[in-house]
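Throughout, protein chains are lettered first and strands after them, A, B, ... in sequence-line order, and every chain is numbered starting at 1. Given the structure is predicted, the values throughout are model-derived calculations rather than measurements.
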Amino acid sequence: MELTLLARQPFIFHHAVRSHGWYQLAPFEYDEQAGVLHYVLRLGSGKVRELRLNAAPGGVKLETGGKLTRAEVAELEQKVTWMLGLEMDFTDFYAAARGEPKLAHVTEKAYGRVLRSPTLFEDVLKTILTTNTLWAATKRMNLNLIEAYGEPEPASGKKAFPTPAAIAAGSPEALRETVRVGYRAPSIYELAERVASGEMPLEALKTSHLPTLELRKELLKIKGVGPYAAANLLMILGRSDFIPVDSWALKIVSHEWHGGEPVTPAQVEAHFEKWGNFKGLAFWFWDWSYQG
DNA sequence: GGTAGACCTGGACGC
DNA sequence: GCGTCCAGGTCTACC
């Protein structure tokens, strides 16, 4: 099966994919040379399919194998549209960025979209796996999680990201010992249980009209989600009023404006205060002098 | 509201 | 091969 999905312009597939590190986290896999983003998706019907996405005139070409019903194709379209933010409009951000040399590139590069997973559950778990650890460990824990609880695509054997029910059917001990998530195990297990039981309607937050501050409060109620993780998830949800301040953010801001001297999260926020609702976007796509 | 210390893993390093 | 140190956000207790 093959189809093309149109994106609101401007849209550059490669820049949408490379917007942050998510493309390196399974079940995403990005073949940079070929410009193809792979993703193993579990459909609502339970079928698991590997998707192949690449740039097409005006948007994205989507390919996958095996027969699908009309409803499954519609689900695929809806999920890919969400993952790549195909309908998102950044006109106001581009207008605000005009005149700022450090953001001069954003319109030309069609920056603004942030690659996301098909479910918020997956993005919350992945965000928790980025906290208090190094990127290599995040990738490994995520891989272990998929290996332990993901369902395989029949043809390739590649596994999809686990459902909340699959993780909830395990135990915090298994998460700690097999998936090696350490002290994060109780938080991850509790989240999976609450989402699987319907107690926490996490996916509803994707279309929530709550003011950003209220949405942030909801995210902070999740165990393992603090200020950094909440800001990261807000960015994923298309709200950029907060900056995900991690150790890297402190470092680049310190080099940008403070001669390498230590800075606080409040100072990071202060530097971007004037960008208001676009604070997170301005920070995320800033042309930083320090590259590490 | 601010701060200190514990929570874990795995890589780097010294012996 | 073993032991020690370190990096990385969140949570809890305490002031």
Side-chain angles (χ1 to χ4, degrees), chain A residues 20-26 114 116-117 120-149 162 164 167 170-195 199-200 202 205 212-237 239-256 258 260-273 279-280 283-284 288 290-292:
Chain A
H20 64 142
W22 256 214
Y23 73 95
Q24 297 177 14
L25 291 181
V114 171
R116 40 198 182 187
S117 308
L120 187 57
F121 173 71
E122 180 174 335
D123 279 336
V124 171
L125 276 201
K126 284 178 170 172
T127 300
I128 291 175
L129 295 183
T130 66
T131 59
N132 199 25
T133 193
L134 305 177
W135 184 242
T138 298
K139 291 204 276 188
R140 190 174 39 253
M141 288 186 276
N142 179 63
L143 261 180
N144 292 346
L145 190 67
I146 291 170
E147 192 48 45
Y149 299 108
I167 297 175
S171 68
E173 291 73 30
L175 282 169
R176 192 185 283 264
E177 286 156 26
T178 312
V179 185
R180 310 292 295 162
V181 297
Y183 68 91
R184 300 169 193 81
S187 317
I188 292 173
Y189 186 75
E190 184 188 304
L191 178 67
E193 257 196 326
R194 294 179 67 194
V195 173
E199 183 193 334
M200 185 189 281
L202 194 57
L205 296 185
T212 305
L213 265 177
E214 295 302 313
L215 196 52
R216 182 172 182 267
K217 277 186 195 163
E218 289 303 310
L219 293 168
L220 288 171
K221 285 180 189 167
I222 302 170
K223 239 191 234 170
V225 172
Y228 156 77
N232 193 61
L233 289 164
L234 284 173
M235 286 293 293
I236 283 171
L237 289 168
R239 313 285 188 107
S240 56
D241 315 39
F242 290 87
I243 296 173
V245 182
D246 58 4
S247 57
W248 179 248
L250 295 173
K251 191 176 282 180
I252 51 181
V253 166
S254 140
H255 282 274
E256 189 83 3
H258 298 268
E261 290 298 309
V263 297
T264 63
Q267 285 174 292
V268 174
E269 295 277 348
H271 279 293
F272 288 90
E273 209 51 60
K279 217 198 272 184
F283 166 82
W284 203 295
W288 298 99
Y290 183 77
Q291 301 294 324

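- Each of A:Arg140 and A:Asn132 was assigned the nucleotide of DNA chain B with the nearest heavy atom; the assignment lying further toward the 5' end belongs to A:Asn132.
- Rounded to an integer number of Å, the gap from CD1 of A:Ile243 to P of C:dG9 is 15 Å.
- With a heavy-atom cut-off of 4.0 Å to chain A, the contacted part of DNA chain B has its first and last nucleotide at B:dC7 to B:dG11.
- The distance from atom OH of A:Tyr228 to atom P of C:dG8 is 12 Å, rounded to the nearest whole Å.
- The CG-P distance, from A:Leu220 to C:dG9, rounds to 16 Å in whole Å.
- Rounding to whole angstrom units, CZ of residue A:Arg184 and P of C:dG8 are separated by 13 Å.
- OP1 or OP2 of C:dG8 has at least one side-chain nitrogen or oxygen of A:Ser247 nearer than 4.0 Å.
- For A:Lys217, the salt bridge (charged side-chain N to carboxylate O under 4.0 Å, His left out) criterion is met by A:Glu214, not counting sequence neighbours.
- Ion pair A:Lys221/A:Glu218 flagged as a salt bridge, since at least one NZ, NE, NH1 or NH2 atom sits closer than 4.0 Å to an Asp/Glu carboxylate oxygen.
- Here the CG-NZ distance, from A:Asp246 to A:Lys251, works out to 10.5 Å after rounding to the nearest 0.5 Å.
- Heavy atoms of A:Val225 sit under 4.0 angstrom from primed sugar atoms or phosphate atoms, though from no base atom.
- Judged by distance alone, the side chain of A:Asp123 and the main-chain N or O of A:Ser117 form a donor-acceptor pair under 3.5 Å.
- Between A:Phe283 and A:Trp288, the ring center distance clears the sub-6.0 Å criterion.
- Backbone-only contact: A:Ala229 has heavy atoms under 4.0 Å from sugar-phosphate atoms and none from a base.
- As a whole-Å value, the separation of A:Ile222 CD1 from C:dG9 C1' is 15 Å.
- Between A:His20 and A:Trp284 the shortest heavy-atom distance is CB-CZ2, 3.3 Å.
- When the P atom of C:dG9 is taken as reference, atom OH of A:Tyr183 falls 9 Å away, rounded to whole Å.
- Distance, A:Arg216 CZ to C:dT10 P: 10 Å, rounded to whole Å.
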